Amino acid sequence: MKISGSQALMRSLVDQGVDIIFGYPGGAIMPVYDALYDYREKIRHILVRHEQGAVHAAEGYARMRGRPGVCLATSGPGATNLVTGIADAIMDSVPLVCITGQVYAHLVGTDAFQEADVIGITTPISKWNHQITQADEVPEVIAKAFYIAGSGRPGPVVIDITKNAQVDLFDYSKPKKVKIESYKIPQNANRQQIKKAAEILNSAEKPMIIVGHGVQISKAEKEIFLLAAKSGIPIASTLHGISVFPTDHPLYVGMVGMHGKYGANVLTNQADAILAVGMRFDDRVVGRITDYAKEAKIIHIDIDDAELNKNIFVDLSISADAKKALMQLIPLIKKNKHEEWVREFRRFDEIQYEKVTMKELNSQKDKIKMAQVINMLSDKTKGQSAIVADVGQHQMITANYYNFKKPNSFMTSGGLGTMGFALPAAIGAKLAAPRREVIAVIGDGSFQMNIQELATVAQEHLSIKIIILNNNYLGMVRQWQQLFFDKRYSFVDLKNPDFIQVAKGFRIDGEKVEKITGLSSAIDRLLQAKKSYILEVVVEKEGNVFPMVPVGAACDEVVLE
């Protein structure tokens, strides 16, 4: 029986286990939406209010569920509105299948109405992209898209489908198992390399493990825990590695990087061995490259060959899946304790507590500090909630003051630093895990980037808790202007709307709190709410985030105040 390309697309999505699509219809994708009408019982479509909301929601779904998120958009502006989210996903290794409509094949290249060169635009920011111009291509291309997006180092795939390919009929047949000769995915590590890694770690006196997003992607949290317990080696994390390892564990020493823990940053440059797993030595982590970990033998495990020796030349690079490499490594590690070395980290923690943390949490000023909000939220949720942070000061405060006890509990835009990420990503995360408490922590500037997605929250009857930390500034930019541009505050002062009244316009309840005395009960009401709820907290206007490693400084050149 002949079916259309659009009907074949629906069958292919069902075959891939797709249960939710985030999208926005339009002319060039209308045949697909018509086919989707008959699949409403199998595939839930979430109508966002902007295509950027669709792609970030798909990211949130993918990161929570651990499989590709799917978004759908029309040609031209619909497709180009996905670009920021696609770039975000390639930077943070998030598996997506982004499907866009396109003009008829014979009109491609003629500047037809709502035509855009989607393939040319997305080539640098996608793991793979392809334009389908004939209906019979659909089944095989979609199967290939999901395979590429979700395997190896995950990433976004873009499939552009011309309108004729959506409506033309062909004899459908289910594609065979995908096999791409040129696409090789590392699995087990080389045994000799693993043996050498064990020798380095076993003989080290000041070893350190840094975990990144790759540990979570490979579901290697258990292996990291077993490795730490056996070796006694302290564990640090990147921004995306947060929640891989319990923050209250005696061996956890905090986040590394620009706003990471004092001890974790300083002692990186005193370590004699570093095992880096599933991280990419981002510039925000290493600081001045020439001075990074010069005393250490560095072992780097990553599934992406392109990341090995890219930013930092290491002593031992291991191309492998993190989980499988760690399973090979653990039996070769000797049982050990590095008690004095761990105490070094704790000594730095005491200094940070005295100079930073105590002042933040015990402030007696009238204005609430961001750290007080996040610390109280952490205590009241017992570190069990899924936290989605936007980008800015509130992001770094959340990373440092929420005590994550459960794996896969922290989600944010890291590599691209996309303001407006959190609200739609929280939508995707909640749909992926309906029983988890999903809390979005957002700055007042970031909130206004995709504020329209409150309509999606309301329409879908989602129970998402939103905390707006409002300092009436673009806070991180202002902090840099204060510290590095002589307080020349250039266009960072925000005259914000009444967020609670705006929320009421979307039929979402909320409240505003301005004094520390009312904060605890307000957070209680937020957490007890059965439906979505917004809590706007007016925080200190010119508060800064410390510790901080200034741009161009070495990772141990940490500023505390």
Side-chain angles (χ1 to χ4, degrees), residues 18-25 36 40-72 85 94 96 377 380-381 384-390 398 406 408-413 418 420-443 446-469 499-511 522-536:
V18 174
D19 57 355
I20 292 178
I21 294 176
F22 304 91
Y24 202 94
L36 181 58
R40 288 171 296 168
E41 292 184 3
K42 294 182 178 180
I43 299 176
R44 182 178 179 182
H45 180 274
I46 306 300
L47 178 62
V48 297
R49 297 306 189 265
H50 189 285
E51 291 86 356
Q52 187 180 351
V55 67
H56 289 324
E59 284 189 276
Y61 176 93
R63 289 181 61 170
M64 182 61 76
R65 188 67 75 88
R67 68 186 192 194
V70 181
C71 58
L72 197 57
V94 180
L96 299 180
L377 179 70
K380 288 179 180 292
T381 59
Q384 297 291 317
S385 297
I387 306 296
V388 185
D390 218 290
T398 303
K406 191 173 182 178
N408 197 20
S409 292
F410 183 61
M411 192 182 301
T412 192
S413 171
T418 306
F421 170 87
L423 179 55
I427 292 172
K430 185 65 177 180
L431 287 163
R435 295 184 180 181
R436 288 207 69 180
E437 180 80 271
V438 175
I439 303 173
V441 180
I442 313 177
S446 293
F447 189 58
Q448 293 174 83
M449 286 281 187
N450 275 313
I451 194 171
Q452 76 285 339
E453 297 310 325
L454 287 176
T456 307
V457 173
Q459 181 167 326
E460 296 298 330
H461 305 289
L462 300 176
S463 178
I464 296 170
K465 310 302 169 57
I466 300 166
I467 296 179
I468 304 170
L469 297 180
F499 291 119
I500 304 306
Q501 287 299 318
V502 170
K504 287 182 179 178
F506 289 104
R507 299 178 182 86
I508 296 174
D509 292 333
E511 64 180 290
I523 293 178
D524 287 339
R525 287 187 289 275
L526 171 86
L527 297 175
Q528 291 164 7
K530 300 299 182 183
K531 299 179 181 179
S532 287
Y533 196 91
I534 292 179
L535 174 61
E536 178 189 355

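Everything numeric in this text was worked out from a predicted model, so none of it was measured.
Atom CZ of Phe22 sits about 10.5 Å away from atom CG of Leu96, to the nearest 0.5 Å. How far CD of Gln459 is from CD of Glu453: 10.5 Å, rounded to the nearest 0.5 Å. Between His56 atom NE2 and Met411 atom CE the span is 13.0 Å, to the nearest 0.5 Å. A distance of 5.5 Å separates CG in Leu377 from CD1 in Ile523, rounded to the nearest 0.5 Å. Of the inter-residue distances, the one linking Thr398 atom OG1 with Ile439 atom CD1 reads 10.5 Å to the nearest 0.5 angstrom. Atoms CG and CG, from Leu526 and Leu535 in turn, are 5.5 Å apart once rounded to the nearest 0.5 Å.
Shown here for Gly69 and Ala62, the closest heavy-atom pair between the two residues is N-CB, 3.6 Å. Taking each heavy atom of Ser385 and Ser409 in turn, the nearest pair found is O-CB, 3.6 Å. Taking both residues in full, the closest heavy atoms of Lys430 and Arg436 are given as NZ-O, 2.7 Å, listed atom of the first, atom of the second, then distance. The minimum heavy-atom distance linking Cys71 with Ala54 is given by the pair CB-O, 4.0 Å. Val388 and Ala425 get closest at one heavy-atom pair: CG1-CB, 3.9 Å. When all heavy atoms are compared, the tightest approach of Val457 to Ser532 is CG1-OG, 3.1 Å.
In this structure, the side chains of Phe499 and Ile442 stay at 4.5 Å or more apart for every pair of heavy atoms. The shortest distance between side-chain heavy atoms of Pro25 and Leu47 falls below 4.5 Å. Taking 4.5 Å as the limit, every side-chain heavy atom of Met449 sits out of range of all side-chain heavy atoms of Phe421. The shortest distance between side-chain heavy atoms of Ile427 and Val48 does not fall below 4.5 Å.
Every ring pair (Phe, Tyr, Trp, His ring centres under 6.0 Å) that His45 has, sequence neighbours left out, goes to Tyr33. Partners of Tyr24 under the ring pair (Phe, Tyr, Trp, His ring centres under 6.0 Å) rule, at least two apart in sequence or in another chain, do not exist in this structure. The side-chain contact (heavy atoms from CB on, under 4.5 Å) check on Arg65 picks up Asp19, Tyr61, Arg67, Ala432, with sequence neighbours excluded. With sequence neighbours excluded, the residues satisfying side-chain hydrogen bond (donor to acceptor under 3.5 Å, both in side chains) with Lys380 are Ser520, Asp524.
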Extract all donor-acceptor atom pairs below 3.5 Å that involve side chains of residues 503-510 and protein atoms in other chains or at least two apart in sequence.
none

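The only member of Ile467, Val502, Leu454, Ile464 that meets side-chain contact (heavy atoms from CB on, under 4.5 Å) when paired with Ile534 is Leu454.
At distances below 3.5 Å, not a single donor-acceptor pair connects side-chain atoms of Thr418 with backbone N or O atoms of Ser413. At least one donor-acceptor pair under 3.5 Å links the side chain of Lys465 to the backbone N or O of Ala529.
For residues 43-52, the set of pairs meeting the salt bridge (charged side-chain N to carboxylate O under 4.0 Å, His left out) definition, not counting sequence neighbours, comprises Arg44-Glu460.
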